[in-house]
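Note sheet for the following structure.
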Amino acid sequence: MLDTKFILSNLEFVRQTVADKGAAHARIDLDKFVRLDESRRKAQTENDRFAAEKNKLSKQIGPLMGKLKGSDEAARAAAQKEIDALKAQSAALDDQIQQQAFEFAKAETELDQMRAWIPNVPHESVPPGKSAADNPVVRTWGEPCRFEFKPKFQYELGEDLGILDCARGAKVAGSGFYFLCGDGARLERALIAWFLDEHRKNGYLEVIPPYFVNEKTLFGSGQLPKFLDQMYYAGEDKLFAIPTAEVPVTAFYRDEMLGESDLPKKFCASSACFRREAGAAGADTRGILRVHQFNKVEMLKYTTPETSYAELESLTADAEALIQKLGLHYRVITLCRGDLGFSAAKTYDIELWAPGTGKWLEVSSCSNFGDYQARRSNLRYKTAGGGKPQFVHTLNGSGLALPRLQAAIWETYQQKDGSVIVPEVLRSYLGGQERIEARKA
RNA sequence: GGCGGGUUGGCCGAGUGGUCGAAGGCGGCUGUCUUGAAAACAGCUAGACGGGAAACCGUCUCGGGGGUUCGAAUCCCUCACCCGCCGCCA
């Protein structure tokens, strides 16, 4: 959420951001926002004046009540008379207070609702651009591998090796669900364990988060209210299945006050992720490039505003290091203004080259959210200097998302005989196994 | 699912109708003392919003919401969460 004062004093910048992010929407009417803020302030000023007056009257009644207990009957009668007069004055204020309080609440509620739909503004280093086609490539690592045979793509490899079963996934749960079997499941487990071990070495605290969260938690990270239709919802219990571990871990310190010396805080979390992918029908439907449930290890950081952009670089580097050790070809792109997500101030996407599919696959999205999520989550820290509490900055990035990574590994390390070589760093997690071969029945 | 006890500032913890935004302690900051530090002593130390050039002033906030009252941390209702005991169960 953006600060109301920031919106008002940077109105055109916010207006441009809303347009850039394609967030233009009847719910966001910035001219109305300005008007509402004016009426909110006016109502509050009026309300405060009447309330102050009423408070003064009440304070006069207290001592008079004491006099009612005295023995002098004339004095008691006089006090009673005074009390009645004060009560009458007080009652006369009620209508006005109620009226102003109503006006204030009405304006504030509308302002809050509108603010909930206004996206974060981009950092100054974010490049201009309208869509994914305009995202500049920051760097590329490795070389695309060459084959002396026609390489298979992920779905074929998975099914041929017997490590992926999409048909039965569809039967059991529906399209977009799948089984990993045998060495496919083991490779997944190895990757997750290895990621977490690497992150722990880099100072990230490993957590296993709740897979279901409440509405407030989703509001905090920015999924709600805008992306309601992308979430699985258990209505009986008013709980949502998490689309990423970012959601529960960002809420870890919600409504809390941290100390500056506690920062930065670094977490890594492994979880299943659940996404309805509404509106994505027809895209990447074959295999495991776009699915409703997948595993992911997520890295998160809570930092001070001063260090968050440096921490974004190191977060991205931590994700890249994993890919480098796996020996895969990848590139890093910066999302342009038009492609930047709702809550993000700056994002790097990391894409793996999948030689069989012939596409770059996004396996990590590393973002700095600035204070946007912290504001929505009421998450502050006390500064070392002792000044006012500040909102922390939050960052997160995948390290890494499993299905597309598996796809890239299969495709990159496939052999002429159809088997797949296991990347060296993972072998100790697989009992030394060096190769995945077709599973018999 | 049933019954009982809780929820107060960064933390702990007093406070059962008025002078309470809240005693006391811890922690933090500042000063005195000291070569420096510790200790001791003194002072300061919640947030949001509004008004104001500022000093400062006002309103609201004692888990959330609603109610009673001139006035609520305090009384009533309700919801959430936490801690017990019972039931069910991986």
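Below, chains carry the letters A, B, ... as their sequence lines are ordered, and counting in each starts from 1.
- Each of N47(A) and K87(A) has a nearest nucleotide on RNA chain B; the 5'-most of these lies closest to N47(A).
- The same atom, C1', is picked in A90(B) and in G6(B); the two are 29 Å apart, to the nearest Å.
- Neither side chain, Q100(A) nor R49(A), offers a donor N or O lying under 3.5 Å from an acceptor on the other.
- Considering only side-chain N and O atoms, K54(A) lies under 4.0 angstrom from the phosphate OP1 or OP2 of G71(B).
- Taking OG of S221(A) as the reference point, atom CD of Q373(A) lies at 5.5 Å (rounded to 0.5 Å).
- For E298(A), the salt bridge (charged side-chain N to carboxylate O under 4.0 Å, His left out) partners two or more places apart in sequence, or in a different chain, are K296(A).
- Here S90(A) lies in heavy-atom contact (under 4.0 Å) with sugar-phosphate atoms only.
- A72(B) and G21(B) have their C1' atoms separated by 14 Å, with the value rounded to a whole Å.
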Write out a two-atom table: protein N or O, nucleotide N or O from nucleotides 45-53 of chain B, distance below 3.5 Å.
| unit_1 | atom_1 | unit_2 | atom_2 | d |
| --- | --- | --- | --- | --- |
| G47(B) | O3' | R380(A) | NH1 | 3.3 |
| A48(B) | OP2 | K388(A) | NZ | 3.2 |
| C49(B) | O3' | R40(A) | NH2 | 2.7 |
| C49(B) | O2' | Q44(A) | OE1 | 2.3 |
| C49(B) | O2' | Q44(A) | NE2 | 3.1 |
| C49(B) | O2 | Q44(A) | NE2 | 2.8 |
| G50(B) | OP1 | R40(A) | NH2 | 2.8 |
| G50(B) | O4' | Q44(A) | OE1 | 3.2 |
| G50(B) | O4' | Q44(A) | NE2 | 3.1 |
| G50(B) | O2' | T45(A) | OG1 | 2.9 |
| G51(B) | OP1 | R41(A) | NE | 2.9 |

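- Under the 3.5 Å distance criterion, the side-chain polar atoms of Q406(A) are matched with a main-chain donor or acceptor of G184(A).
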Can you give me every donor-acceptor pair (side chain of residues 255-263 of chain A, partner residue at least two apart or in another chain, under 3.5 Å) with its distance?
| unit_1 | atom_1 | unit_2 | atom_2 | d |
| --- | --- | --- | --- | --- |
| D255(A) | OD1 | N378(A) | ND2 | 3.1 |
| E260(A) | OE1 | A384(A) | N | 2.6 |
| D262(A) | OD2 | G259(A) | N | 2.9 |

Could you give me the CA-CA distance, side-chain angles and deciding distance for Y233(A) and F240(A), then say whether ring pair (Phe, Tyr, Trp, His ring centres under 6.0 Å) is met? CA-CA 4 Å; Y233(A) 179 56; F240(A) 294 83; 4.4 Å; yes

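- Among the atoms of the strands shown, base atoms are found under 4.0 Å from some heavy atom of I61(A).
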